[in-house]
Protein chains: 2
Amino acid sequence: MQSSDIGAFIKGLRENARISLRQLAEQANISNPYLSQIERGLRKPSAEVLAQIAAALRVSTPAMYLKAGLLGTDDGEGVLAAIAGDQQLTVAQKQSLTQIYETFIRENAREKSDD
Amino acid sequence: MQSSDIGAFIKGLRENARISLRQLAEQANISNPYLSQIERGLRKPSAEVLAQIAAALRVSTPAMYLKAGLLGTDDGEGVLAAIAGDQQLTVAQKQSLTQIYETFIRENAREKSDD
DNA sequence: CTCGAGTGCTAGCTATAGCTAGCATGATGC
DNA sequence: GCATCATGCTAGCTATAGCTAGCACTCGAG
């Protein structure tokens, strides 16, 4: 995912939400010229700014980070991040989910190598 | 989690790993003065730098982000979104994980209302 | 003693994230 | 026509992330 793609991603979400660039910038608490530059790929926003935009667009922060390349998809970090950060889960439940997830990944990797 | 705490967290991991500041900086591909400043809370590293340090210390990127305050603990829908977006999972596995997650949430909600 | 290697740090620099002030354009109402 | 509001954008600025050059210190070997 290149930085220009995160800009297009944000712009697409904003247009789907039918709000103007200024409205989103205000809701995300960043300046509208800066949001314009982000959408056009002229600036590379920090994780904090991405999190603010994600909140304003009602997208989860991990999903936004995934799109921006700050979390990878190859080693299941997106899922593990979300499990780790979920406050509704107990520690034991987090461990269970993590182990189940890793078991699935191992099965899939084994099936792949069997091909 | 304040930024000075992420510095102490990194320093603690490094000391546990018994490597020098220069060794970690080299493995993380950042300058050693900068790593020194990060550990002492004088600089606020970007998510990319945190990910590099995490990889060098063999800590997952999401765990590092959590410590740095870049991932929160409140967004529960992130788990479902991350499961849905994970390319390594089959459709059946996604359904299983989703159901298990939702079961856990229901159990926790019921226990809460019993209190 | 000196020298070399290792350690962590300081000072000052460059590049850029994110901002403010303000512009250009279009639409609407008088 | 003008004024006002909304839209997205440009230019130039400030603060700081991250760097290089080099310092001070410790330890061990000769």
Side-chain angles (χ1 to χ4, degrees), chain A residues 1-57 59 61-72, chain B residues 1-57 59 61-72:
Chain A
M1 175 62 74
Q2 302 299 322
S3 57
S4 57
D5 289 343
I6 185 64
F9 177 65
I10 290 167
K11 186 170 185 180
L13 290 172
R14 174 171 69 79
E15 285 169 345
N16 284 345
R18 300 197 190 282
I19 59 176
S20 71
L21 186 141
R22 289 192 182 213
Q23 286 171 334
L24 176 57
E26 185 176 336
Q27 288 165 28
N29 213 25
I30 64 174
S31 73
N32 74 75
Y34 187 51
L35 177 58
S36 172
Q37 287 168 336
I38 291 167
E39 288 191 353
R40 290 173 290 127
L42 299 183
R43 289 286 193 275
K44 179 168 170 308
S46 65
E48 287 85 356
V49 168
L50 286 174
Q52 285 166 221
I53 295 171
L57 286 172
V59 174
T61 309
M64 183 67 86
Y65 286 173
L66 273 169
K67 283 291 182 184
L70 296 182
L71 283 174
Chain B
M1 176 60 75
Q2 302 300 322
S3 57
S4 57
D5 290 342
I6 184 65
F9 177 63
I10 288 167
K11 187 169 185 181
L13 290 171
R14 176 173 67 80
E15 286 169 346
N16 284 345
R18 300 198 189 283
I19 60 176
S20 71
L21 185 141
R22 287 192 184 213
Q23 287 171 336
L24 177 57
E26 185 177 335
Q27 288 165 28
N29 213 26
I30 64 175
S31 72
N32 72 77
Y34 187 51
L35 177 58
S36 172
Q37 287 168 333
I38 291 167
E39 289 191 352
R40 290 174 288 130
L42 300 182
R43 288 286 194 272
K44 180 169 167 315
S46 65
E48 287 85 357
V49 169
L50 287 173
Q52 283 166 223
I53 295 170
L57 287 171
V59 174
T61 309
M64 183 68 84
Y65 286 172
L66 272 170
K67 283 292 182 183
L70 295 182
L71 281 175

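Below, read A as the first sequence line, B as the second, and so on, with proteins coming before strands; counting in each chain starts at 1.
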Whole angstroms only, please: what is the CD-C1' distance between A:E39 and D:dC9?
12 Å
Should B:R14 be listed as having a side-chain N or O under 4.0 Å from OP1 or OP2 of C:dT7?
no
Interatomic distance where CD belongs to B:E26 and P belongs to C:dT7 [whole Å]:
10 Å
Can you tell me how far apart CE (A:M64) and NZ (A:K67) are? Round to the nearest 0.5 Å.
10.5 Å
Can you name the nearest heavy-atom pair linking A:A47 to B:A47, along with the distance?
CB-CB, 3.8 Å
Using a cut-off of under 3.5 Å, enumerate the N/O to N/O pairs linking the protein to nucleotides 15-18 of chain D.
| from | atom 1 | to | atom 2 | distance (Å) |
| --- | --- | --- | --- | --- |
| D:dA17 | O5' | B:K44 | O | 3.4 |
| D:dG18 | OP1 | B:S46 | OG | 2.6 |
| D:dG18 | OP2 | B:Y34 | OH | 2.1 |
| D:dG18 | OP2 | B:S46 | N | 3.0 |
| D:dG18 | O5' | B:Y34 | OH | 3.1 |
| D:dG18 | N7 | B:R43 | NE | 3.2 |
| D:dG18 | O6 | B:R43 | NH2 | 3.2 |

It should be established whether B:S36 places a side-chain nitrogen or oxygen under 4.0 Å from OP1 or OP2 of nucleotide C:dG8.
no
Looking at A:P62 and B:L71, what are the two nearest heavy atoms and their distance?
CG-CD2, 3.9 Å
Could you write out each protein N or O paired with an N or O of nucleotides 21-26 of chain C at a distance under 3.5 Å?
none

Do A:N32 and A:L24 touch side chain to side chain, with heavy atoms closer than 4.5 Å?
no
Could you list the residues that satisfy salt bridge (charged side-chain N to carboxylate O under 4.0 Å, His left out) with A:E48, not counting sequence neighbours?
B:K44
Please report the closest heavy-atom contact between A:P45 and A:L50, naming both atoms and the distance.
CG-CD2, 3.8 Å
Rounded to the nearest 0.5 Å, what's the gap from CD1 on B:I38 to CZ on B:R43? Could you check?
9.5 Å
Measure the spacing between CD of B:E39 and CG of B:L21 and express it to the nearest 0.5 Å.
5.0 Å
Once you round it to whole Å, what is the distance between P of C:dG8 and CG of B:L35?
9 Å
Tell me: CG of B:L24 to C1' of C:dC9, nearest whole Å?
16 Å
At their closest point, which heavy atom of A:Y65 faces which heavy atom of B:L70, and how far apart are they?
OH-O, 2.5 Å
Taking only residues two or more places apart in sequence or in another chain, which ones pass side-chain contact (heavy atoms from CB on, under 4.5 Å) with B:L13?
B:F9, B:L57, B:V59
To the nearest 10 degrees, how far apart in direction are the end axes of the helix from C:dC1-D:dG30 to C:dC30-D:dG1, each fit to five base pairs?
10°
With sequence neighbours excluded, tell me which residues meet side-chain contact (heavy atoms from CB on, under 4.5 Å) with A:Q23.
A:I19, A:S20, A:Q27
